[in-house]
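One structure is given here, and the rest of the page talks about it.
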Amino acid sequence: KLSTARSLSGCRTMSTLPASKLTLELDSIVRSAFSICGDFSGTPGLAAMIIHKGEPLVQKCWGKANVVHETPLTEQSVFDLASVSKHITAVAILVCKARGLLSLEDFLHDHLPNIPETPVTLHHLLGHISGIPEYLDEPTMCAELGETPHFGWCGNSVIRDALQDYLAEKDLVDQPATKFE
């Protein structure tokens, strides 16, 4: 079982170690934590990076990016953050608002010019009351991106252009601010 004291005390001193020793220490901590799983052969992946004063010192990956297809996790792997990113996005939008770069009452098409004019605002998006149809379960969007739907997510390659194309083709399922979804 991973010792909390070991992981916390290790973090305080890690910045003074050379990168090779940091890599070994990080590997030891992760392998201790994952020892209850046996080995990494069928384990979903984990990526870690140690950053000191804004500079990455060590970056290492363990396990699989895709357990079903046996794809190893690498430093180039892209993670589906799903709902975890909602908080980060909300904070980023509020920081931009505080800096005067945008307003919560800005329309979506003000920031995504390739979609048709719509009454949807950034406020609607943040509150999940935009009326925009769910795109993560949309098989046609996944097919266009060359992906296979998997647990409601069509992969890590959903990019701004594909999303804008999707939004340009779809009507709102509800008027903004009428239904939480």
Distance-minimising heavy-atom pair for L122 and S103: CD1-O, 3.5 Å

Check against side chain to side chain contact (heavy atoms under 4.5 Å, CB included), E75 and K60: CA-CA 7 Å; E75 293 177 2; K60 189 157 169 63; 5.9 Å; no

Okay, side chain of H109, backbone of T118: is any donor-acceptor separation there less than 3.5 Å? yes

Heavy-atom check, side chain of P176 versus side chain of S130, under 4.5 Å: no

Mind checking the CG-CD spacing from L22 to Q59? Nearest 0.5 Å is all I need. 13.5 Å

Distance in Å, F107 CZ paired with H123 NE2, rounded so as to fall on 0.5 Å steps: 13.0 Å

Can you see which heavy atom on S77 is nearest to which on A65, and at what distance? OG-CB, 3.9 Å

For D106 and T121: C-alpha separation, side-chain torsions, deciding distance, then whether side chain to side chain contact (heavy atoms under 4.5 Å, CB included) applies. CA-CA 5 Å; D106 286 354; T121 66; over 6 Å; no

Minimal heavy-atom distance between L73 and W62, with the atoms involved, is CD2-O, 3.6 Å

Supply the atom-to-atom distance L108 CG to L125 CG, rounded to the nearest 0.5 angstrom. 5.5 Å

As an exercise, state the distance from OG1 of T74 to NZ of K64, rounded to the nearest 0.5 Å. 12.0 Å

Output for pair (D110 CG, I115 CD1), nearest 0.5 Å, gives 9.0 Å

How about E117: does its CD atom have over 12 heavy atoms from other parts shown lying under 6.0 Å from it? no

Can you find a heavy atom in the side chain of L57 that is under 4.5 Å from one in the side chain of I51? no

Which heavy atom in P133 sits nearest to a heavy atom in L172, and how many Å separate them? CD-CA, 4.4 Å

Is I93 linked to I129 within one hydrophobic cluster, defined over Ile, Leu, Val, Met, Phe, Trp and Tyr using a side-chain heavy-atom separation of less than 4.5 Å? no

Pair K97, L102 - check side chain to side chain contact (heavy atoms under 4.5 Å, CB included), show working. CA-CA 5 Å; K97 177 188 178 286; L102 56 78; 4.0 Å; yes

For the pair L101 and V95, evaluate side chain to side chain contact (heavy atoms under 4.5 Å, CB included) and give the outcome as yes or no after the intermediate values. CA-CA 9 Å; L101 300 173; V95 166; over 6 Å; no

